[in-house]
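The structure under discussion appears below in the form of structure tokens.
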Amino acid sequence: MEAAKLLPDLEKEDLRILMAIEIGMKRSEYVKINNIKFYSRYKMEETLFRLNKIHKLDLIIRDSSKNEIGYTLNSIAYDLLALHTLVEKNIVSQLGPLIGKGKESDVYSCMDDNENIYALKIYRMGRTSFKSIKRSRDLTGERSHLSWLYINRLAAKKEFEVLKRIYKLNLNTPKPIGYNRHIVVMSYLRGKELVYYKSIKNPDKIFNRIIKQMEIIYQKANIIHGDLGEFNIVLDEKGNILIIDWLQWIPSDHPNATSILERDIRNVCNYFQKKYKVESDTNKIIASFYKK
Ligand SMILES: Nc1ncnc2c1ncn2[C@@H]1O[C@H](COP(=O)(O)OP(=O)(O)OP(=O)(O)O)[C@@H](O)[C@H]1O
Ligand SMILES: [Mg+2]
């Protein structure tokens with residue numbers, strides 16, 4: 001990853017300038033040099049020297065179309081700030097290879113000082129797909145001027161917080177380890193998504209486990225996954241599962257809760273029925289969710 005490669009080249013003064021731009025970006029996309037100087041509390045000479053350096057490293061974008069020059073962070077700079085903080089907090093010490101690429105995120109493996117391996121999910125919403133634009137509206141409401149930086153930060157916070165709530169139930173959901181800005185670190189299951197298996201052992205058992213867990217999460221935490229299916233369930237060789245990708249969760253008192261819950265359940269039932277001939281009575285399962 002680009003940011004991880006650059007991190008060792010940066011001095012703390014460079015990072016402070018990046019953070020000053022980040023603060024300024026709460027008010028406007030491009031931040032004027034005077035404001036960068038103000039937020040960093042450096043002298044003008046130091047500010048200009050650092051801006052020049054990080055601009056050459058391709059971490060900031062310059063806008064010279066107005067009468068005052070402004071700078072904005074690019075996504076590599078934002079990755080850098082988040083990674084730097086995660087390292088400072090001793091949550092992460094090394095980044096591993098890319099393990100998954102979603103429509104709105106890149107997921108890497110990473111390691112802490114004790115050689116525990118985690119999944120590190122970096123949100124990348126807000127520029128491409130229709131779905132991500134829709135999702136970002138769900139997050140920011142009508143405040144549509146808000147930047148990609150803010151949207152992705154909100155997404156990470158939202159996923160981290162829901163992971164904390166469901167992790168208490170002791171089921172097969174990722175353990176939240178930490179988050180910063182647009183990055184969430186969580187426990188990692190070395191496997192692949194259900195959809196990529198040609199066949200699995202004990203499909204009945206796995207099906208039942210998934211349904212049972214969704215039921216507990218619904219009944220005890222009032223949480224509905226919202227995007228459940230063969231793409232968001234990781235399975236390993238030993239038959240362990242991990243139900244991932246909780247960003248689009250909704251509470252059980254959401255106006256569309258019934259239809260979204262039923263869609264989640266149907267997705268799982270249909271997939272196991274078609275691929276593994278696991279017979280189930282979808283209506284009966286749905287009914288059992290509503291019985292407390
Ligand atoms: N905790 C984890 N353990 C193992 N693999 C993971 C974990 N989290 C994510 N992955 C891998 O990364 C991929 C993408 O992660 P995730 O599904 O959370 O986000 P997303 O795919 O960007 O969202 P969307 O499905 O809406 O595109 C997963 O399909 C999976 O391969
Ligand atoms: Mg996914």
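One is the number of the first residue; the rest follow in order along the sequence. As the structure lists them, so they are numbered: ligands from 1, and atoms in each ligand from 1.
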With Lys157 as the cation and Tyr179 as the aromatic partner, state whether NZ or CZ is under 6.0 Å from the six-membered ring centre and within 45° of the axis.
no
Do the side chain of Ser40 and the main chain of Arg16 share a donor and acceptor less than 3.5 angstrom apart?
no
Do Glu193 and Asn232 have side-chain atoms, one donor and one acceptor, less than 3.5 Å apart?
no
Sequence neighbours left out, cut at 3.5 Å: what donor-acceptor pairs do the side chains of residues 199-206 make with other protein atoms?
none

Geometry only, no angles: is Asn232 polar-contacting ligand 1 at N/O separations under 3.5 Å?
yes
Per-residue contact class, Lys121 against ligand 1 - non-hydrogen pairs under 4.0 Å:
side chain
Check each heavy atom of Glu193 against ligand 1 and say whether those closer than 4.0 Å belong to the side chain, the backbone, both or neither.
side chain
Numbered atoms and elements of ligand 1 in range of Lys103, under 4.0 angstrom, heavy atoms
22 (O), 27 (O)
How many N, O or S atoms of the protein are nearer than 2.8 Å to the Mg ion (ligand 2)?
2
Scan side-chain atoms only and decide if His182 and Asp79 contain a donor-acceptor pair under the 3.5 Å cut-off.
yes
Does only the side chain of Met186 get under 4.0 Å from ligand 1, or the backbone, or both, or neither? Count heavy atoms.
side chain
Contact check: Tyr188 vs ligand 1, nitrogen or oxygen atoms, below 3.5 angstrom:
no
Examine distances only and state if a side-chain atom of Arg181 and a backbone atom of Leu81 form a donor-acceptor pair shorter than 3.5 Å.
yes
If you measure every N or O of Leu189 against every N or O of ligand 1, does any of those distances drop under 3.5 Å?
yes
With a 6.0 Å cut-off on the ring centroids, do Trp249 and His225 count as close?
no
Is it the case that the side chain of Gln94 and the backbone of Glu115 share a donor-acceptor pair, with hydrogens and angles ignored and the cut-off at 3.5 Å?
no
Closest to atom 5 (N) of ligand 1 among Asp227, Leu242, Val234 (heavy-atom distance)
Val234
Which bit of Ala119 gets closer than 4.0 Å to ligand 1, counting heavy atoms only: side chain, backbone, both or neither?
side chain
Do Glu159 and ligand 1 have an N or O pair less than 3.5 Å apart?
no
Classify the side-chain pair Tyr39/Glu22 by whether it contains a donor and acceptor separated by less than 3.5 Å.
no
For Asp106, is there any backbone N or O sitting under 3.5 Å from a side-chain donor or acceptor partner on Arg124?
no
Output yes when a side-chain donor or acceptor of Asn256 lies under 3.5 Å from a complementary backbone atom of Ser259, and no otherwise.
no
Are any side-chain N or O atoms of Glu29 and backbone N or O atoms of Thr72, one a donor and one an acceptor, separated by less than 3.5 Å?
no
Could you check whether any side-chain N or O of Asn35 sits under 3.5 Å from a backbone N or O of Gly24, counting only pairs where one atom can act as donor and the other as acceptor?
no
From atom 1 (N) of ligand 1, work out which of Pro174, Gly229, Ser187, Gly100 has a heavy atom at the shortest distance.
Ser187
Contact region, Asp245 to ligand 1, non-hydrogen atoms below 4.0 Å, reads both
Distance filter under 4.0 Å to Ser105 heavy atoms, resulting ligand 1 atoms
19 (O), 20 (P), 22 (O)
So for Gly191, does at least one of its heavy atoms come nearer than 4.0 angstrom to any atom of ligand 1?
no
